[in-house]
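Structure below; questions to follow.
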Amino acid sequence: MKEQYDFKAIEEKWQKKWEEADVFHVTEDPTKEKYYCLEMFPYPSGNLHMGHVRNYSIGDVVARFKTMNGFNVLHPIGFDSFGLPAENAAIKHGTHPAVWTSSNIAEMESQLKRLGFSYDWDREACTYKEEYYKWMQWIFIQFWKKGLAYKKENPVNWCPSCATVLANEQVVDGKCERCKSEVTKKDLSQWYLKITDYADRLLDDLEKMPGWPEKVKTMQKNWIGRSEGTELDFDIEGSEKKLRVFTTRVDTVFGTTFMVMSPEHPMLHELVHGTEQEAAVEKYCEQVKHLSDIERTSTSKEKTGVFTGRYAVNPLTHKRMPIYISDYVLISYGTGAVMGVPAHDQRDFDFATKFGLEIIPVVDPGREDVDVNNLTAAFEAEGKMINSGKYDGMDNKDAIVAIRDDLKKIGLGEAKTNYKLRDWLISRQRYWGTPIPMIYCEHCGWVPEKEENLPVLLPTDVEFTGKGESPIATSKTFVDTVCPVCGKPAKREVDTMDTFLDSSWYFLRYCDARNDKAAFDPKKAAYWMPVDQYIGGVEHAILHLMYARFFMMVLHDLGLTACDEPFTNLLTQGMVLKGYNDEKGNWIVGKMSKSIGNTVSPEEIVNKYGADTARLFILFAAPPERELEWSDTGVEGSFRFLNRVYRLIYDLAEQTKGIPTVYRAETKDDKQLNYILNNTIKRVTDDIGKRFNFNTGISAIMELVNEIYRYKELEDVNMGLLRYAAETTVLLLSPFVPHICEEMWEGLGKEDSLYFHPWPVCDESALVKDTIEIVVQINGKVREKMDVPNGLDRDGLLAYCMEQDAVKALVEGKNVIKTVAVPGKLLNIVVKG
RNA sequence: GCCGGGAUGGCGGAAUUGGCAGACGCAGGGGACUUAAAAUCCCCCGGUAGCAAUAUCGUACCGGUUCGACCCCGGUUCUCGGCACCA
């Protein structure tokens, strides 16, 4: 240990030692309790940013802490390495996506290594490699065999700029999540995964996951959007057909005064064919086609629509009602048609007002402030039934059940559950992804490639035009093949998979990353899974986290995994922000962004202060879930603290050389240091292990260091205690800043790596004080603080305090009405006068 | 509009079960060391009044419960995030 803290030399030295000794490599060990600590793997953009550093620093603290606590810790890393940027780079620079990707991965690996994260690199998984996507294809085929993959022609979300389709989840505000272009609709034949089959399980299991943030569970719940209601049929005048609608408010059926169909409703053209209204209806449908989703779903937009010329008949009232079409009715939800109840639905109210349709109230809350016969807006709350025949007087909630049952009896309705969740569209018209291993044969239809022929390799003889069809279609070697079933000429699917499939099972591959016989060995997966702690950005709250849960359930149902939920505990870390001046000169604190220029590169910080300082600052500046504002002076502060610790340990290593850590705390100062020392062990253990509040854990160690500085300058110091304090400080700090701690550990004469050293244990007896400070309050206000003997009960504390002169003076001449004594905490005396 | 967070000094943030508000750090002020600077070490640091001891106000706002509220309850404002014509 040198006198100066030479972070560069120290970090290089220990990273090399760790690598040579292969300390982070783990294997299944049934004699030890396992702990799987996982951070979301990065996309290999080429450079680590501060968000990565934060994510991986949090994970590294947890992994190292659990290892020191005796767990067999799996802490893997890999790269989510298929995707559009590699392809765009290929178009721009004429290089192959694989070249761009692998050089970026190499660069990021070295950056990760420079930060000293404790990854088992032997388990590294890169999704673009054959050894990975081979098993991705195998899993896809298992889905297909189970009936969970199908191809279907549908209007799909199309991004004209990326020239590919998008999943519903990838359309944000009607725009492409990636490039922000407006998304349009296009009819295409595409592959889907039947995630809707798992909608109930995905929703219900959320209740069983106490280790997930409420926020994420709510977001998934809303996304799945389960809605329980009733489907019922309306007769169409002059037609054999019935118009089926879905409603959650079947109690309002007597208030229906019109019907609305979606312009895309399959029955529409037949209904209007040959009528006077046909031209107007077709014209409206044509207009709607040209609207983007944003324009169409804008709530501020005034309702539009056209009368179809046809009438429906209410099955309960036999009332005759006009059928309209309007774009506010979505073909993709429910039955694509609704019953219009203007009195009790705001959208229907707006529509009825615009078209001068009748408004009949059927639910009345019986309150003065609501006049249902004179509504200015729809009344959507609860009340008693009116204008509803035999149901009048019932609570509307009861009427939902009663009316649904009656409709069922006459065969015109039934209970029905609807979901917002749609099947997952996974085809992408791109090159840089896993080829969908399906073959189309004119005789056999769609059939999968034989499993023994996997992987279906990405062809290399392709042109990257960036337009239209998948570039794979330009390959002269790929498309033509033979049918695996009948052997006749057939054609391969040229689309690739959404990269979200790759990331839906990578945590399973880590359990057995080098397996070339299977995606993973179920026994190994059974040992490691589920992930005990998953850490990543909240931006994946819906997409990735729900897809991964879906995959896990399917793989469980296939008998490949024991558990059906992948992540027991989830931590969503906050973003890294930095302040900057905008065009007007205002000080804005926002997300670090290259286009704004308010970024700090990890590399720069590591070069200037070292990896330990970067890690320490990022963990200290804010609790992990909250946003973190970058502060250059804050980084300096973290660096100063590490120097301060280094100097302390350097001094103590000399001063306490060869002294055993056996001691008895004799003096008041000994006892105080011993107390703070053990209390710090307890606090840091809780802060890392239970609370995930690394910032307060680090604060506690700072306080301990301040106390040791104070203590060591005293005349009468206990060398054994001091030695123990020094060693403990290094151990407590080591999950946060491992390099400097290894160096100090060595400086203290230790030969083992502290990576495997047992975590310090709090000596509870040191926490028992002879006297404790309690607070004396008068009417709830602090008036006095005094030391009292420890262990006094309620009465003893009261009696002791009332004897003290200071307390006597406080109550003198006053009328004591009540006293509240809380042992170990305080005494509150309520007085009058 | 609906659903979730959040609001505490000049700043980031503490307060773990209803019990000393402001730990720890940053910035700032003062001092020691130094020829000087850097580094380091020590002290001060919410507002108001006061030389001071101390008093008093103070956790977005209004009200409530309690001996006692940053914490629990009711209402309001602002703010961040998610969803949004889902019948």
Side-chain angles (χ1 to χ4, degrees), chain A residues 172-173 213-223 225-227 229-230 245-250 252 260 262 296-301 303 326-330 332-341 344-348 350-351 418-421 538-539 541-542 574-575 579 589 617 620-623 625-638 640-641 643-644 647 682-683 686-687 690-691 693 695-706 709 713 773-785 817-822 824-831:
Chain A
V172 177
D173 289 337
E214 263 335 293
K215 177 184 177 164
V216 173
K217 289 196 274 188
T218 306
M219 282 164 74
Q220 292 207 355
K221 210 177 274 180
N222 291 341
W223 189 264
R226 177 155 74 194
S227 167
T230 307
V245 302
F246 173 76
T247 178
T248 53
R249 290 295 303 277
V250 75
T252 62
V260 192
S262 161
R296 191 168 159 175
T297 59
S298 155
T299 40
S300 56
K301 191 187 106 180
K303 295 273 178 290
S326 173
D327 62 2
Y328 83 88
V329 177
L330 309 173
S332 55
Y333 187 78
T335 63
V338 301
M339 56 184 212
V341 187
H344 304 292
D345 181 285
Q346 190 56 45
R347 294 156 298 177
D348 295 346
D350 294 341
F351 192 82
N418 267 318
Y419 303 88
K420 285 192 219 176
L421 185 70
V538 73
E539 66 273 19
I542 299 172
M575 286 189 302
V589 177
F617 169 74
F620 177 63
E625 262 137 338
R626 228 185 281 191
E627 292 180 332
L628 181 151
E629 190 185 334
W630 189 263
S631 152
D632 291 331
T633 53
V635 178
E636 298 262 4
S638 293
R640 266 204 298 272
F641 171 70
N643 275 284
R644 188 169 148 82
R647 282 194 306 273
K682 194 181 177 132
R683 285 169 69 187
D686 275 6
D687 281 342
K690 291 194 185 126
R691 293 176 2 121
N693 278 6
N695 55 331
T696 52
I698 294 166
S699 298
I701 299 170
M702 286 173 169
E703 288 177 62
L704 173 62
V705 168
N706 290 343
Y709 261 102
E713 295 306 319
E773 191 185 63
I774 68 133
V775 169
V776 179
Q777 299 180 334
I778 301 293
N779 294 344
K781 287 187 178 171
V782 180
R783 281 297 122 95
E784 194 71 40
K785 293 174 187 178
I817 297 169
K818 185 174 180 177
T819 55
V820 180
V822 182
K825 289 251 169 73
L826 60 75
L827 174 69
N828 187 16
I829 305 169
V830 186
V831 300

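Because the structure is predicted, anything quoted here is derived from the model rather than measured. Sequence lines set the chain letters: A, B, ... in the order given, protein chains first and strands last, and positions in each chain run from 1.
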Query raised in the report: CZ of Phe246(A) versus P of rA87(B): gap in Å, rounded?
Result: 6 Å
Requested in this report: Compare side-chain N and O positions of Tyr328(A) against OP1 and OP2 of rA87(B) and report whether any pair is under 4.0 Å apart.
Outcome: no
Query raised in the report: Is there a donor on the side chain of Lys303(A) or the base of rC85(B) sitting less than 3.5 Å from an acceptor on the other?
Result: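 Yes, the side chain and the base share a sub-3.5 Å donor-acceptor pair.
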Query raised in the report: Under the 3.5 Å rule, do the base of rC67(B) and the side chain of Asn828(A) count as making a donor-acceptor pair?
Result: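 Answer yes: a donor N or O sits under 3.5 Å from an acceptor.
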Requested in this report: Measure the distance from CD on Glu703(A) to P on rA15(B) and round it to the nearest whole Å.
Outcome: 11 Å
Report task. Figure out the CZ/P separation between Phe641(A) and rG13(B), and round it to whole Å. Result -> 20 Å
Query raised in the report: Do Arg683(A) and Asn693(A) have side-chain atoms, one donor and one acceptor, less than 3.5 Å apart?
Result: no
Requested in this report: Considering only atom P, compute the distance from rA60(B) to rU56(B) and round it to an integer number of Å.
Outcome: 22 Å
Query raised in the report: So, Asp687(A) side chain and Asn695(A) main chain: donor-acceptor pair closer than 3.5 Å or not?
Result: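 No, Asp687(A) side chain to Asn695(A) backbone: no donor-acceptor pair under 3.5 Å.
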Query raised in the report: For Asn706(A) and rA23(B), is the shortest distance between a side-chain N/O and OP1 or OP2 below 4.0 Å?
Result: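 No, no such contact exists.
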Query - Whole-Å distance separating the CD atom of Gln777(A) from the P atom of rG68(B) - result: 10 Å
**Report entry** N or O in side chain of Ser227(A) less than 4.0 angstrom from rA87(B) OP1/OP2
**Finding:**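 The answer is yes; a side-chain N or O of Ser227(A) sits under 4.0 Å from OP1 or OP2.
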Report task. Would you mind reading off the distance between Phe617(A) atom CZ and rA27(B) atom P, rounded to a whole angstrom? Result ->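 Atom-to-atom, Phe617(A) to rA27(B), this comes out as 12 Å.
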**Report entry** rG10(B) versus rA27(B) - spacing of their C1' atoms, nearest Å
**Finding:**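 Approximately 7 Å lies between the C1' atom of rG10(B) and that of rA27(B).
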Query raised in the report: Is any N or O donor-acceptor pair between the side chain of Lys785(A) and the base of rC20(B) shorter than 3.5 Å?
Result: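 Such a pair exists between side chain and base.
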Query raised in the report: Under 4.0 Å between a side-chain N/O of Arg644(A) and OP1 or OP2 of rA39(B), yes or no?
Result: no
**Report entry** N or O in side chain of Lys215(A) less than 4.0 angstrom from rG5(B) OP1/OP2
**Finding:** no
**Report entry** Integer angstrom distance from the C1' of rG22(B) to that of rC70(B)
**Finding:** 11 Å
Report task. Please measure how far the C1' atom in rC20(B) lies from the corresponding atom in rC83(B), and state the result in whole Å. Result -> 44 Å
Query raised in the report: Where does rG9(B) land, syn or anti, once you apply the within-90°-of-0 test for syn?
Result: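 Here the answer is syn: the torsion falls within 90° of 0.
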Report task. Quickly work out the Asn693(A) CG to rU16(B) P distance and round it to whole Å. Result -> 11 Å
Query raised in the report: Would you say Tyr328(A)'s side chain and Phe351(A)'s backbone share a donor-acceptor pair under 3.5 angstrom?
Result: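 Not at all, since once roles are kept as given, no pair shorter than 3.5 Å links the two residues.
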Query - Pairing partner (Watson-Crick or G-U wobble, both distances under 3.5 angstrom) of rU56(B) - result: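 Across all strands, the one nucleotide that pairs with rU56(B) is rG47(B).
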Requested in this report: Check every strand shown and say whether Tyr709(A) touches a base, only sugar-phosphate, or nothing at a heavy-atom separation below 4.0 Å.
Outcome: nothing
Requested in this report: Using the six-membered ring wherever Trp is involved, compare the ring planes of Trp630(A) and Phe617(A) and label them parallel, tilted or perpendicular (cut-offs 30° and 60°).
Outcome: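 Aromatic pair Trp630(A)/Phe617(A) classed perpendicular.
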Report task. Please determine if a side-chain N or O atom of Asn695(A) lies less than 4.0 Å away from the OP1 or OP2 oxygen of rA14(B). Result -> yes
Query raised in the report: With a 4.0 Å cut-off on heavy atoms, is Gly225(A) in touch with a base, just the backbone sugar-phosphate, or nothing at all?
Result: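 Touches nothing.
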Requested in this report: Taking atom C1' in both rG13(B) and rU59(B), compute the distance separating them and give it to the nearest angstrom.
Outcome: 13 Å
Query raised in the report: Applying a 3.5 Å limit to both distances, which nucleotide forms a Watson-Crick or G-U wobble pair with rG12(B)?
Result: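 Check on rG12(B): paired to rC24(B), both distances under 3.5 Å.
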Query raised in the report: If you pin Leu628(A) and Ala337(A) to their nearest nucleotides in RNA chain B, which one's is more 5'?
Result: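 Whichever sits nearer the 5' end wins; that is Leu628(A).
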Query raised in the report: Using a cut-off of less than 4.0 Å, is there contact between a side-chain N or O of Arg691(A) and OP1 or OP2 of rA15(B)?
Result: yes
Query raised in the report: Which whole-number value in Å describes the distance from Lys420(A) NZ to rC85(B) P?
Result: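 In whole Å, rC85(B) P lies 8 Å from Lys420(A) NZ.
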Query - Nearest-angstrom distance from the residue atom CG of Asp687(A) to C1' of rA15(B) - result: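 Atom-to-atom, Asp687(A) to rA15(B), this comes out as 12 Å.
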Query raised in the report: Within less than 4.0 Å of OP1 or OP2 of rC57(B), is there a side-chain N or O belonging to Lys781(A)?
Result: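 The answer is yes; a side-chain N or O of Lys781(A) sits under 4.0 Å from OP1 or OP2.
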Report task. Give none if rC83(B) has no partner; otherwise give the nucleotide forming a Watson-Crick or G-U wobble pair with it, both distances under 3.5 Å. Result -> rG1(B)
**Report entry** N or O in side chain of Arg626(A) less than 4.0 angstrom from rA7(B) OP1/OP2
**Finding:** no
Query raised in the report: Using the C1' atom in both, what is the distance from rG58(B) to rU48(B), to the nearest Å?
Result: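 It comes out at 11 Å once rounded to the nearest Å.
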Query raised in the report: Is Arg640(A) near enough to rA27(B) that one of its side-chain N or O atoms lies under 4.0 angstrom from OP1 or OP2?
Result: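 For rA27(B), OP1/OP2 do have a side-chain N/O of Arg640(A) under 4.0 Å.
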Query raised in the report: Should Thr247(A) and Val338(A) be marked as a side chain to side chain contact (heavy atoms under 4.5 Å, CB included) after you check the CA-CA gap, both sets of side-chain angles, and the distance that decides it?
Result: CA-CA 7 Å; Thr247(A) 178; Val338(A) 301; over 6 Å; no
Query raised in the report: Under 4.0 Å between a side-chain N/O of Arg783(A) and OP1 or OP2 of rU56(B), yes or no?
Result: yes
Query - Phosphate OP1/OP2 of rC41(B): any Arg647(A) side-chain N/O under 4.0 Å - result: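 The answer is yes; a side-chain N or O of Arg647(A) sits under 4.0 Å from OP1 or OP2.
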